[in-house]
Amino acid sequence: MDDYRSPNPLKSDDFSGEPNQNSNPINPSKNLKVVNEEQQRVEEENKIRKAFKERDWNEIKSADSWAVFKVMAEFVEGFEKLAKIGPCVSIFGSARTKQDNPYYQMSVEIAAKLVRHGYGVITGGGPGIMEAANKGAHMEGGKSVGLNIQLPHEQFHNVYIDRDKILNFEHFFVRKVMFVKYSQGFIVMPGGFGTLDELFEALTLIQTKKIGRFPIVLVGKSFWKGLMDWIEHIMYTKETCIDIKDMSLVTIVDTPSEAVKAIDDFYSKYLLQPNF
């Protein structure tokens with residue numbers, strides 16, 4: 001999601017042995033950063049050029065067929081491992097959140113409370129908030145699921161996921177299907193683009209009635225206030241891009257107890273089952 005590990009060190013053939021005009025013997029880490037940024041730039045350019053490259057039908061058919069099989073394999077593994085997982089709540093948030101951050105500690109507490117209330121916990125499997133949530137579930141002996149995503153610079157799963165409940169995905173869209181299908185609710189902690197992607201995926205599916213309504217709880221009123229004000233005053237009031245009822249699809253809280261209570265209150269009258 002938001003976390004990226006540094007690329008591998010340069011290969012030996014990247015060094016000619018000759019002085020480089022950009023070299024800086026005083027700060028070699030700065031030199032490495034510059035080279036890494038150049039490598040990333042070249043990779044991005046190659047991706048763009050590849051999108052415009054003409055391919056014959058055999059190339060297209062071969063590449064696309066292989067992609068279909070890889071996607072199918074991810075779906076099959078996900079369905080097999082999660083089909084009998086039982087009621088779970090997904091917890092989202094930044095991979096960059098440190099252990100001394102209050103939101104990290106809150107995530108541990110929220111997950112622990114959810115387990116005590118009979119839920120398992122699903123996360124994106126990485127560090128930060130994800131690690132905190134898996135840690136809280138693990139501490140209480142509950143189900144701790146990690147849906148890890150393979151990123152260009154690799155995201156490694158955290159150590160608090162149950163060994164039989166680690167899944168690794170290459171495709172974000174397959175991973176998001178698993179979150180939605182097997183979660184009875186989302187608790188969204190402060191995070192970056194990946195967290196917002198997951199939040200708005202859930203909101204869109206509920207708004208368009210592609211899935212049933214399930215609770216979405218945002219934790220941290222001060223963090224989410226600016227976004228929610230923009231949604232209300234610009235999206236709804238000024239531009240009428242959404243309906244007034246869409247404003248009620250989320251609940252905003254400030255404490256772990258409030259977050260878990262929002263999930264409990266919503267499902268107190270339902271039998272829990274996969275969303276579709």
Side-chain angles (χ1 to χ4, degrees), residues 1-5 85-149 151 154-163 165-167 175 179 182-200 202 214-229 250-267:
M1 301 204 357
D2 299 317
D3 180 65
Y4 296 89
R5 292 178 177 268
I85 201 71
C88 287
V89 173
S90 287
I91 299 178
F92 295 122
S94 176
R96 304 183 185 188
T97 304
K98 305 301 182 185
Q99 292 187 8
D100 59 355
N101 187 302
Y103 287 119
Y104 184 101
Q105 304 302 325
M106 290 175 67
S107 299
V108 174
E109 186 176 348
I110 288 171
K113 286 179 179 291
L114 285 170
V115 167
R116 291 197 293 269
H117 287 228
Y119 298 92
V121 170
I122 302 175
T123 79
I129 294 296
M130 296 173 281
E131 175 187 287
N134 285 129
K135 181 178 181 180
H138 178 76
M139 288 167 50
E140 291 294 321
K143 295 173 182 174
S144 182
V145 184
L147 310 183
N148 195 44
I149 185 71
L151 299 175
E154 297 182 287
Q155 172 183 295
F156 293 95
H157 61 76
N158 65 70
V159 299
Y160 300 106
I161 305 168
D162 297 341
R163 296 303 95 184
K165 298 181 181 66
I166 299 172
L167 288 92
R175 181 176 180 245
F179 278 128
Y182 296 107
S183 294
Q184 269 64 56
F186 279 174
I187 292 180
V188 191
M189 307 299 292
F193 291 154
T195 301
L196 293 178
D197 176 44
E198 290 147 355
L199 168 61
F200 283 106
F214 55 86
I216 301 175
V217 184
L218 309 184
V219 180
K221 292 180 180 178
S222 61
F223 180 87
W224 296 107
K225 183 178 186 304
L227 174 63
M228 298 310 296
D229 285 347
V250 299
T251 301
I252 308 176
V253 303
D254 255 339
T255 69
S257 295
E258 290 174 328
V260 177
K261 184 176 185 299
I263 301 292
D264 281 341
D265 289 349
F266 190 92
Y267 279 113

Among Thr97, Asn101, Ile110, Val217, which one satisfies side-chain contact (heavy atoms from CB on, under 4.5 Å) with Met189? Ile110

Taking all heavy atoms of Gly93 and all of Met130, pick out the closest pair and write down the distance. O-CG, 4.5 Å

For Ser144, does its backbone N or O pair with a side-chain atom of Tyr160 as donor and acceptor, under 3.5 Å? no

Worked check of side chain to side chain donor-acceptor pair (under 3.5 Å) between Thr255 and Glu258: CA-CA 5 Å; Thr255 69; Glu258 290 174 328; 3.3 Å; yes

Looking at side-chain heavy atoms only, is the closest gap between Met139 and Val108 below 4.5 Å? yes

Keeping the roles fixed (side chain from Trp224, backbone from Val219), state whether a donor-acceptor pair exists under 3.5 Å. yes

Is there a side-chain contact between Ser90 and Phe186 (heavy atoms, below 4.5 Å)? yes

What are the two closest non-hydrogen atoms of Pro215 and Ile263, and how far apart are they? CG-CD1, 3.7 Å

Looking at every heavy atom in both Tyr104 and Glu131, which two are closest together, and how far apart are they? OH-OE2, 2.5 Å

Under 3.5 Å: donor-acceptor pair, side chain of Gln105, backbone of Gln99: yes

Are the side chains of Ile129 and Ile91 in contact, using a 4.5 Å heavy-atom criterion? yes

Can you give me the closest heavy-atom contact between Asn158 and Gly126, atom names plus distance? ND2-O, 2.8 Å

Does Gln184 use its side chain to pair, donor to acceptor, with the backbone of Cys88 at less than 3.5 Å? yes

Partner of Arg175 under side-chain contact (heavy atoms from CB on, under 4.5 Å), picked from Leu167, Ile149, Asn148, is Ile149

Separation of Ile252 CD1 from Leu227 CG (nearest 0.5 Å): 8.5 Å

Nearest 0.5 Å please: distance from the CD1 atom of Ile122 over to the CG atom of Leu114. 11.0 Å

Got Asp264 and His117 here, is their nearest side-chain heavy-atom distance under 4.5 Å? yes

Is the centre of the Phe179 ring less than 6.0 Å from the centre of the Phe92 ring? yes

Of the non-hydrogen atoms in Ala137 and Ala111, which two are nearest, and what is the gap between them? N-CB, 3.7 Å

Looking at every heavy atom in both Ser94 and Thr195, which two are closest together, and how far apart are they? N-OG1, 3.8 Å

List the steps and the verdict of side chain to side chain contact (heavy atoms under 4.5 Å, CB included) for Val89 and Ile187. CA-CA 7 Å; Val89 173; Ile187 292 180; 4.0 Å; yes

Beyond-backbone contact of Lys165 with Ile85, side-chain heavy atoms, under 4.5 angstrom: yes

Do the non-hydrogen side-chain atoms of Val253 and Leu218 ever get within less than 4.5 Å of each other? no

Test: Lys135 and Glu140 ion pair at under 4.0 Å: no

A side-chain contact here means heavy atoms from C-beta on lying under 4.5 Å apart; do Asp162 and Asn134 qualify? no

Please tell me if the side chains of Lys221 and Met228 come closer than 4.5 Å, counting only heavy atoms from C-beta onward. no

